[in-house]
Amino acid sequence: MRLNIAIDGPSGAGKSTIAHMLAEKLGIVYLDTGAMYRAAALKTLRAGIGADEADAVVSLLAQTDIDVAYENGVQKMLLDGQDVSEAIREHRISQIASDVSKIPQVRVAMVELQRAIAAKTDSVLDGRDIGTYVLPHAAHKFYLTADIAERARRRYNQLTQKGEKCDIEQIQRDIAARDHNDMNRAFAPLKKADDAIEIDSTHLSIDETAEKMLAWVTSAQKSGGGESAVQTPQNDKKKTVKKKKKKKDKGAGFFRTLFFYLIKAIVYLPRKLLYPAKIIHKKRLPKKSAHIVVSNHLCWKDIIHHVFTLPRRRSIVAKQELAKSRFIRAFRKTAGIIFIDRENPSLESVREILKTLKRGEPISIFPEGTRNKDSRELLEIKPGAGVFAVKTGAPIIPVMVYKRAKTFRKNYLYVGEPLDLSAYKGMRLTSELTEEITAKVRAAMLRTMEEMDDYVENKRWKRKNKKAVTSDETT
Ligand code: DC
């Protein structure tokens, strides 16, 4: 795995200076991602296009070549092949860069380049969305801040040293406006990643800040891992953070699991009586390893089958709206429910799912994203299950329910052939590839439904015929 270090934070917190020092000390590449947005801003300025004219900016940039090159380890920003490293540093470019960076298509193009660089070389990247969006799995993440007056003072010194005339109060106002812009844009805004280490550099020198980060990185490397294994040299408080994190990673824990199986034992008879179920091809469900069960969702009782009827304790991915129910919230951890916003899944819920699978535990997902109240036809499905399978190598196992669960009547759960998507592991999930994978998952679900229908109908037919034969014999 590449060593990637993400440093995010507001303007003027010292990210680029520190990132540069860190990269130099570690002997790895430094990528200033802000420079890319600055190059895009310079191009729009030169073309006389306003940063708010999103369509015009997008079509202009589609015909523009933005690239980075390295000369003696120093990053050069190339705009249509021309070195613009100096030109993009002008103060007026900063606000335009912030405005241009709000346009999703611009970000997607820049992020693609950033990820490509990070994938092929050990690197320190600084920006606004590195730890949260560009490299959510970066080995080390920092969020560098400083008091706004101090940031304005530093920027003022930088600009006056270069001979630019400026007013410190105006600079502070500009920085505040940029902070607001960068933190409130809709797509990949500036925010601290949950697992980033926050450093306030207001009262620290550049050297002190760089030393602090280096100490985190090197001690984490020594203890054999990324951020979760990081151990701070001086700060005891942070050691507790480390302990807590380790504990969290163990999953449900012994007592919660025990409690779950106790409840499962208690509800066993009532469940069998009320919702008897037959699992066909149960053996297709792995006994020990991680897998992703994908299921159709016809009524709320399907949840009972996933929690109590299917073997093992499995995490159930449920829509965020269910978190409103106090009862479900109370049972969440015991049953392993992971809430997810279907339209805009948060990074935390995605991480929780990936961690669960990486621990070797199974999860259940209803990829249609909602209960199908009108028919038993499979609706369009969301891409999540396929993406999780590709990211973790866990197989997809379709488990389809025959009909809406009825009380006191036998319910059929049909386990389909596992779908192995591990061939896609490590590939970049472009929208085309994600579509391809999603189509495969849906096809596997449809196939399982067909098999299930044949199975149940065949069984009924046999039963009917047997009855007819026996009644013939008796007459
Ligand atoms: O770091 P900087 O000041 O050179 O960045 C200029 C602008 O680019 C910043 O205001 C927001 C944008 N930017 C971004 O949106 N995402 C990044 N990863 C880096 C910069």
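Each ligand, and each atom within it, is numbered from 1 in the order the structure gives. Sequence positions, counted from 1, serve as the residue numbers for this chain.
A salt bridge links R154 with E150: at least one charged nitrogen is closer than 4.0 Å to a carboxylate oxygen. The pair R128-D8 fails the salt-bridge criterion, with no side-chain N (NZ, NE, NH1 or NH2) lying under 4.0 Å from an Asp/Glu carboxylate O. Between R107 and D129 there is a salt bridge, with a side-chain nitrogen of the basic residue lying less than 4.0 Å from a carboxylate oxygen of the acidic one.
Judged by the shortest distance from any of its heavy atoms, Q95 lies outside the 4.0 Å radius around the atoms of ligand 1. Using a non-hydrogen distance threshold of 4.0 Å, Q114 does not register as a contact of ligand 1.
Applying the side chain to side chain donor-acceptor pair (under 3.5 Å) criterion to E348, with sequence neighbours excluded, gives no partner residue. In this view, D179 and R151 satisfy the side chain to side chain donor-acceptor pair (under 3.5 Å) rule, not counting sequence neighbours.
Taking every heavy atom of D182 and a limit of under 4.0 angstrom, the matching atoms of ligand 1 come to 9 (C), 10 (O), 11 (C).
Side chains of S123 and R2: a donor-acceptor N/O pair is absent below 3.5 angstrom, by distance only.
For S101, every heavy-atom contact with ligand 1 shorter than 4.0 Å involves the side chain, none the backbone. Counting heavy atoms closer than 4.0 Å to ligand 1, residue R185 contributes side-chain atoms (C-beta onward) but none from N, CA, C or O. Heavy atoms of M110 found under 4.0 angstrom from ligand 1: none, in either backbone or side chain.
Of the protein's non-hydrogen atoms, the one nearest atom 6 (C) of ligand 1 is R178 NH1, 3.6 Å. The closest protein non-hydrogen atom to atom 19 (C) of ligand 1 is T33 OG1, 3.4 Å. Here the heavy atom of the protein found nearest to atom 8 (O) of ligand 1 is Y37 CB, 3.5 Å. Closest to atom 1 (O) of ligand 1 among all protein heavy atoms lies R128 NH1, 2.9 Å.
Between D126 and ligand 1, not a single N/O pair is under 3.5 Å apart. Every N/O-N/O distance between S94 and ligand 1 stays at or above 3.5 Å. Considering backbone and side-chain N/O atoms, R107 comes within less than 3.5 Å of an N/O atom of ligand 1. Distances between N or O atoms of R38 and those of ligand 1 include at least one value under 3.5 Å.
The closest donor-acceptor contact from the side chain of R312 to the backbone of E361 lies at 3.5 Å or more, if one exists at all. Between the side chain of E368 and the backbone N or O of L379, at least one donor-acceptor pair lies under 3.5 Å.
Between F366 and H297, the angle of the ring planes stays under 30°, which puts this pair in the parallel group of the 30/60° scheme.
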